[in-house]
Number of protein chains: 2
Amino acid sequence: MTSSSNFPNQFQQQSLDLINSLIAIDAAVFYLVDPDLQHKGVVRYKLSPATEIDYQKKFGHLDPLSPDKFHNSSDKVITLSAQLSEQQLYRSEYYQQFMAPNQQRYVADILLRQQQRIIAVISVIRSPAASDFNPQELALLNKLQPFFEYALNAVYLPKRVAERQSLQEKYQLTEREVDVLELIIAGLSNKLIARELMVELATIKTHLIHIYKKTAVATRSELLALIISDLKQQH
Amino acid sequence: MTSSSNFPNQFQQQSLDLINSLIAIDAAVFYLVDPDLQHKGVVRYKLSPATEIDYQKKFGHLDPLSPDKFHNSSDKVITLSAQLSEQQLYRSEYYQQFMAPNQQRYVADILLRQQQRIIAVISVIRSPAASDFNPQELALLNKLQPFFEYALNAVYLPKRVAERQSLQEKYQLTEREVDVLELIIAGLSNKLIARELMVELATIKTHLIHIYKKTAVATRSELLALIISDLKQQH
DNA sequence: TTAGCTATCCATCTAATGGTGGATAGCGGG
DNA sequence: CCCGCTATCCACCATTAGATGGATAGCTAA
């Protein structure tokens, strides 16, 4: 109910749901590092927004699995255990300051590329109470990787980027205004949009007033009616 | 701004705008007597809603140009002057009680038929300060009639009826709920919907809550998002 | 460097919307 | 004749959305 099929990150959500149905995980996150949609495609599974903000602002660059370290490899799936010994991990600032407080112990990252470059990562996470990903599980993730990579590159990203560009050009919106409009079209309330974009409610209201001016409407309902009208005219 | 192209009675509005641009009129009304869309297609031009309610409830049956009197004729355009002498008109209850208080003196009706039966009427009205419709003007209205009749029968009604049926079947709505939903999709506020359907605001709210239940949404925005999502999936 | 654009945030106020729990009246089928 | 459905109306209340009139900071191009 909360996420209709208009929800911009439906693809990520479906991907995480699939993985969750196939192997036991305690948390997961799907994030884009694509230049067109930077940090606009984050979907969490059993991870608090606070953890996400913490990661982005303070710990991302310490992550042993940080994507910039793997652009020149051809790995499909990488694990924390393959990068660090147990001792090295326990001694690291990243583990002590970020992973341990957030109940994270085992991590496997599915790397999704576009011509070598990593454009998205699916991180699957297990708590200290669980055991490490076994070879069968890693084999499964390796088999899933090509499909995710194909769907992301061939279906989701082109469609998503095209829709954003169309909205942006049609109404002369800024990037951020398109972010807001996408979520308006998904039917979210201002409060939920603020939560999703991790800004204050006041900010969303300001963006909305600007969108209303640019689209020459007076209310959210008129804005949605305009979108519907445009869709119908594209016959 | 107030009426986007989703507005259900856009066709009637455009028709009245055309007539108004071609000949001098003081008021006009386009109403459907089509069995599928009875009293759902009324569009007024310079006529108060109160006048319309008055006509429908009290004076419609007294109208010398009332459509039921002309089903067996083949007239395209009829005028008050051709039906009644000036003396007969001034003596009539209809003139004294309805026309005179509403500043109406001259009337010409364009009759739009579907196989003989009149399914819609465009009434053009002039005040006592104006003069009667002259032969040139009546000739013009007679020339416009075939086009209006064609567009109504071939384009507007089939499309409108199909859209209503689709909404009604998809969400199992009542007739009245479809009336409300059409106007929601046009982006109208509850107050404007109430005005348009000539009922109280409370009635619209009740209908809306029923629509939300049937479509499994919680707010107007989610409802509009659902419509958008359905439109997109019809590829 | 100054001006303009973008993105963020804020307080206060009013208007609009939605939820609850009713009531009434007409219509049609069992 | 009663039941269920439809359409209408009502009061009260809580939440949400929008309007106004700001402020700050970063970035960029003249």
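Letters go in sequence order (proteins before strands), and every chain restarts at 1.
Between B:Glu222 atom CD and C:dG18 atom C1' the separation is 12 Å, expressed in whole Å. Look at CG on A:Leu188: it is 14 Å from C1' on D:dT16, rounded to the nearest Å. B:Glu177 places its CD atom 12 Å from the P atom of D:dC5, with the value rounded to the nearest Å. The distance between atom CD1 of B:Ile209 and atom P of D:dT6, rounded to the nearest whole Å, is 16 Å. For A:Asn190 and C:dC9, the CG to P distance is 14 Å, given to the nearest whole Å. One interatomic measurement links the two molecules: CD1 of A:Ile204 to C1' of D:dG18, which rounds to 14 Å at whole-angstrom precision. Taking atom CG on A:Leu223 and atom P on D:dT16, their separation rounds to 20 Å, with Å as the unit.
Classification of the B:Tyr150-B:Phe147 ring pair by plane angle, with boundaries at 30° and 60°, yields tilted.
Contact annotation: A:His207 does not reach the phosphate of C:dA7 (side-chain N/O to OP1 or OP2, under 4.0 Å). Of the side-chain N and O atoms in A:Lys205, none sit less than 4.0 angstrom from OP1 or OP2 of D:dA17. When the side-chain nitrogen and oxygen atoms of A:His210 are compared with OP1 and OP2 of C:dT6, none of them lie within a distance under 4.0 Å. The side chain of A:Thr219 contributes no N or O atom lying less than 4.0 Å from OP1 or OP2 of D:dG18. An OP1 or OP2 oxygen of D:dT8 is reached within less than 4.0 angstrom by no side-chain nitrogen or oxygen of B:Thr206.
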Close N or O pairs between protein and nucleotides 24-26 of chain C (under 3.5 Å):
none

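Considering only the side chain of A:Thr174, C:dA7 comes nearest among C:dG19, D:dT8, C:dA7. Of all nucleotides listed (C:dC10, D:dC10, C:dG19), C:dC10 comes nearest to the side chain of A:Ala202. Nearest to the side-chain atoms of A:Arg220 among the listed nucleotides C:dC9, C:dT17, D:dA17 stands D:dA17.
Heavy-atom nearest nucleotides on DNA chain D were determined for B:Leu201 and for A:Ser189, and the one closer to the 5' end corresponds to B:Leu201.
Between B:Glu149 and B:Arg113, none of the side-chain N atoms (NZ, or NE/NH1/NH2) sits under 4.0 Å from a carboxylate O, so this pair counts as no salt bridge. The residues B:Lys69 and B:Asp63 are annotated as not salt-bridged, no charged nitrogen and carboxylate oxygen being separated by less than 4.0 angstrom.
Side-chain contact annotation: A:Tyr31 with A:Asn9, donor-acceptor N/O pair under 3.5 Å absent.
Taking the six-membered ring for Trp, A:Tyr55 and A:Phe59 have ring centres at least 6.0 Å apart.
Heavy atoms of other residues, nucleotides or ligands lying less than 6.0 angstrom from NZ of A:Lys159 number 12 at most.
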